[in-house]
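Reminder, nothing fancy here: chain letters follow the sequence lines and each chain counts from 1.
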Amino acid sequence: LLLLWTFCEWPELLVSNSQREIWKWWEEEPKYEDSIKWMSLRHNGPAFPPPYERLPDNIKFYYNGEIVTLNSEAEEVASLYAKMLYHELTRDETFCKNFFTDWKDAMSPEVKDVIAALDQCDFREMAAYYKRKKTNEKVQQEFGYFFLDGHKQRIGNSPSRGKLKKKILPEDVTINCSEKEIPEPLPGCSWGQVQHNSAVIWLASWKESPPGKLKYMMPHANSKLMGERDWKKYEVARRLKHHRDHIQEQYRKDWDSEDKSLQQRGVVLYLIDKFALRVGNKTKEGMMANTFGCCSLRVKHVTLHEDHKGETKKLEFNFMGKSSILDKKMVPVEEKVFRNLQLFKEEKGERGEADLFDHVNPQVLNTYLKGLTKGLTTKVFRTHIASITMEQELKNLTHHIKDKVSSFNEANRKVAELCNHQRTKPALHWFELQVTIEASRDELSLSKKKLEQAMQGSSTEELKNDVKRKDDELRELGVNSSMEENKQLNLNSSKLYYIDPRIIVAWCIKWGVPVEKIYTKAQRDKFAWAIHMNDENFEF
DNA sequence: CGGTTCGACTCAGAAATGTCACT
DNA sequence: AAGTGACATTTCTGAGTCGAACC
């Protein structure tokens, strides 16, 4: 399960330093059908890092205190572990066990005989070497480009490095490009497959092994291919306003339906329409914590409060959502929804583990929604509600607050709250903390020593205080290391994925706020289409 | 034909990196 | 004037959605 290398830097070949061409694709008439994504697509394929370089002679690996010379492959694998020696993961039993098993496979028989336990291995010299090397080298991480219909475009994610996965070779990679524009693989290698599929936008793909999931090399967010989709996404979300009344009317009727699946669909749709929940596909039941969305909610995730704090009919959500972020909130609901939920829970005998909505699933919902208007699916509601809310909040807040940027952030915060976008304040890294504690302990013992020496002499009061203070500091560090994580709102996700940029651009023009105050460089590139439209009167 | 898996995107917070004011 | 530390921005890649293929 080891990935020795994976794709990383892009060859500089195609990178020119000349001024960046701005392709105003949003001003052009569509030249081909929706289902065709490109006419020509040229790129160099993924770049592979150079082969492994052996450690210099002065850097040793020790087993049980003795120098052991590893064979090249075993050393390469060891270097992966050494590089993350001070990462919390190296304390994880399973991680170490897996690593050790895989590492042994890479060892020569002689080395294998010697190395019997991971905890007798001393990687510290190697770790120090790589830490030095990393800071010295300052690897130039230049992004690559590809050519779409003759225009230069950036490539998106440069896939992971240094993770424990299988080595990816050109033979594992499928290239997607124009005919006659096939990139050169590494000398002596060949691509696994080459295809010319203009119905998709990816440039290269490969299977990650494990877990066998497909990975893609995709265009950058600021490219035409991605921007176009983004624009389209907001257009669909915008159109929902013409259908929302009808949808609401319909689901209110469905609450009274004799048909269980209609009745449940009605309630689920209400929850999605009111509280911007995700649809909730089935998630893989592995060792990972199960997460939930609207359709997959269990009985225990919803608590009904008949009379909560003097108000009536409140619903309490409490479940793990996407990325294991806790969704916990108390919301008012309409009488009939309340009664229906009560019924659904009773039907399952209040068994907490039972599925609350056992007669609907995401496919059923989307099939229904697609029938109402083209492109409508459940996730559109989140986009729609977020954008509508932003527009409304901006209208309400901007007049009252002198600082326009703060009022913007305030509106943004409301949307983030709605979408339950959280951010975990990172606790001090385990290792860094250990180092700090270690240093602190050294200081303390030094002070103690000084104190002892001074005992013979006179003025020891100051030194005594010093010892006491340092002792307290050390104790404090110990407490902080077990500090509980504290959750805060994260405004970035909603800004990047849910709020129509044209709303923001219009607001900027109206209040004379430079777009630069709101969007970062990368964000301005991503939303170039919206910024260039420059429509002050835009209404979502 | 209903459920499950697969392929292709789309969204997610954390980690890594950059910046800037202050020593 | 190089370090440092708080905060901002960018990168990374896992975790969702959803239509289509498969069975």
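Nearest-nucleotide positions on DNA chain C place A/Ala522 closer to the 5' end than the other of A/Ala522 and A/Leu376. Comparing A/Ser205 and A/Ser323 against DNA chain B, the residue whose closest nucleotide sits nearer the 5' end is A/Ser205.
In this structure, CZ of A/Arg229 is placed 8 Å from C1' of B/dA8, rounded to the nearest angstrom. At whole-Å resolution of the value, CD in A/Glu516 and P in C/dT9 are 12 Å apart. Going from atom CG of A/Leu489 over to atom C1' of B/dG13 covers 13 Å, rounded to whole Å. Nucleotide C/dG16 holds its P atom 12 Å from the CZ atom of A/Phe319, rounded to whole Å. A straight line from CE of A/Met217 to C1' of C/dC12 spans 16 Å, rounded to a whole angstrom. The separation between A/Trp206 atom CH2 and B/dG7 atom C1' is 15 Å, rounded to whole Å. Remark: C1' of C/dT9 and CG of A/Leu496 are 11 Å apart, rounded to the nearest angstrom. Atom NZ in A/Lys526 sits roughly 11 Å away from atom P in B/dA12 (whole-Å rounding).
Between A/Asp172 and A/Lys207 there is no salt bridge, since no side-chain N of the basic residue sits under 4.0 Å from a carboxylate O of the acidic one. Under 4.0 Å is where a charged nitrogen must lie from a carboxylate oxygen, and between A/Lys329 and A/Glu417 no such pair does. A salt bridge links A/Glu235 with A/Arg238: the distance from a Lys NZ or Arg NE/NH1/NH2 to an Asp or Glu carboxylate oxygen falls below 4.0 Å. Between A/Asp34 and A/Lys232 there is a salt bridge, since a side-chain N of the basic residue sits under 4.0 Å from a carboxylate O of the acidic one. Under the 4.0 Å criterion applied to side-chain N and carboxylate O atoms, A/Glu208 and A/Lys213 are not assigned as salt-bridge partners.
OP1 or OP2 of B/dC11 lies within a sub-4.0 Å distance of a side-chain N or O belonging to A/Lys379. In terms of phosphate contacts, A/Tyr498 brings a side-chain nitrogen or oxygen within less than 4.0 Å of OP1 or OP2 of B/dA12. Side-chain nitrogen and oxygen atoms of A/Ser493 include at least one within less than 4.0 Å of the OP1 or OP2 phosphate oxygen of B/dG13. Taking 4.0 angstrom as the limit, A/Thr291 places none of its side-chain polar atoms (N or O) nearer than this to OP1 or OP2 of C/dA15. OP1 or OP2 of C/dG16 has not a single side-chain nitrogen or oxygen of A/Asn281 nearer than 4.0 Å. For A/Arg423 and B/dA14, the shortest distance from a side-chain N or O to OP1 or OP2 is not below 4.0 Å. Distances shown here put a side-chain N or O of A/Arg382 below 4.0 Å from the OP1 or OP2 atom of B/dA12. At C/dG14, one or more side-chain N or O atoms of A/Lys215 fall inside 4.0 Å of OP1 or OP2 (strictly under the cut-off). Of the side-chain N and O atoms in A/Thr378, one or more sit less than 4.0 angstrom from OP1 or OP2 of C/dC18. The phosphate of B/dT10 has neither OP1 nor OP2 within less than 4.0 Å of any side-chain N or O from A/Tyr497. At least one side-chain nitrogen or oxygen of A/Lys233 sits closer than 4.0 Å to the OP1 or OP2 atom of B/dC11. A close approach under 4.0 Å does not occur between any side-chain nitrogen or oxygen of A/Arg278 and OP1 or OP2 of C/dT17.
In this structure, of C/dT10, B/dC9, B/dC11, it is B/dC9 that holds the atom nearest to the side chain of A/Met218. The side chain of A/Thr520 sits closest to C/dT10 out of B/dA12, C/dT10, C/dT17. Each of C/dC18, B/dG7, B/dA12 was ranked by its minimum atom distance to the side chain of A/His421; first place goes to B/dA12. Distance from the side chain of A/Lys370 is smallest for C/dG19 among the nucleotides C/dT17, C/dG19, B/dA12.
Backbone-only contact: A/Gly280 has heavy atoms under 4.0 Å from sugar-phosphate atoms and none from a base. Nucleic acid contact class of A/Gln363 (heavy atoms, under 4.0 Å, all strands): base.
Contact of the A/Phe344 side chain with the A/Gln264 side chain is registered, since non-hydrogen atoms from C-beta on lie closer than 4.5 Å.
Taking 3.5 Å as the limit, the base of B/dC11 and the side chain of A/Lys322 contain a donor-acceptor pair of atoms between them.
Residues that satisfy the ring pair (Phe, Tyr, Trp, His ring centres under 6.0 Å) test with A/Tyr234, not counting sequence neighbours, are absent from this structure.
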